[in-house]
Amino acid sequence: MGKAIPQPASEAAPVFDVKARSQLQARLRGIDHVRVRLLGPDRTTALEVVTFLTEAGFEVEFDTIAHMVPVPVRRFVLQFSGRTATLTLAPHIVVESPSDAMW
């Protein structure tokens, strides 16, 4: 039958949906400060995440990175150091199921 035609970005499922918000908030219990690093040029998801974190009361820093070695296999990667979390966002990563996108 052929391959499925990719959906335009406007119709594609959101990267930072309700489930992702809930899981992120659960993983950040006990954290005061979040460093958000965006891998790639698309700032749409990063803006959503930074806004969400700021509204949730976290102190937030934002930065972009051009590349990362090794390349992440998930859209959201968390690292912890004390009461600080570093969240690397790779919204361009293609996943087969939404649960593969996170953590």
(request) Verify the cluster assignment for Phe76 and Leu39: are they in a single hydrophobic cluster under the rule of side-chain heavy atoms below 4.5 Å apart? (result) no
(request) Check whether any side-chain heavy atom of Val49 lies under 4.5 Å from a side-chain heavy atom of Val60, and answer yes or no. (result) no
(request) Only pairs at least two apart or in different chains count here, so list each side chain to side chain donor-acceptor pair (under 3.5 Å) that has a residue in residues 56-67. (result) His33-Glu59, His33-Glu61
(message) Donor-acceptor pair, distance only, cut-off 3.5 Å: does the side chain of Ser22 make one with the backbone of Val18?
(response) no
Give every donor-acceptor pair under 3.5 Å between a side-chain atom in residues 78-86 and any protein atom, sequence neighbours left out.
| unit_1 | atom_1 | unit_2 | atom_2 | d |
| --- | --- | --- | --- | --- |
| Arg83 | NE | Asp32 | OD2 | 2.6 |
| Arg83 | NH1 | Gly30 | O | 3.3 |
| Arg83 | NH2 | Asp32 | OD1 | 3.0 |
| Arg83 | NH2 | Asp32 | OD2 | 3.4 |

(request) Find the distance between NE2 (His92) and OG1 (Thr45) and round it off to the nearest 0.5 Å. (result) 11.0 Å
(request) Calculate, to the nearest 0.5 Å, the distance between atoms CZ and CG belonging to Arg75 and Leu89 respectively. (result) 11.0 Å
(request) State, yes or no, whether a side-chain contact exists between Leu87 and Leu24 at a heavy-atom distance under 4.5 Å. (result) yes
(request) Report the distance from atom CG of Leu38 to atom CZ of Arg43, rounding to the nearest 0.5 Å. (result) 7.0 Å
(message) Going by side chain to side chain contact (heavy atoms under 4.5 Å, CB included), Phe58 matches just one of Leu53, Val50, Val36. Which one?
(response) Leu53
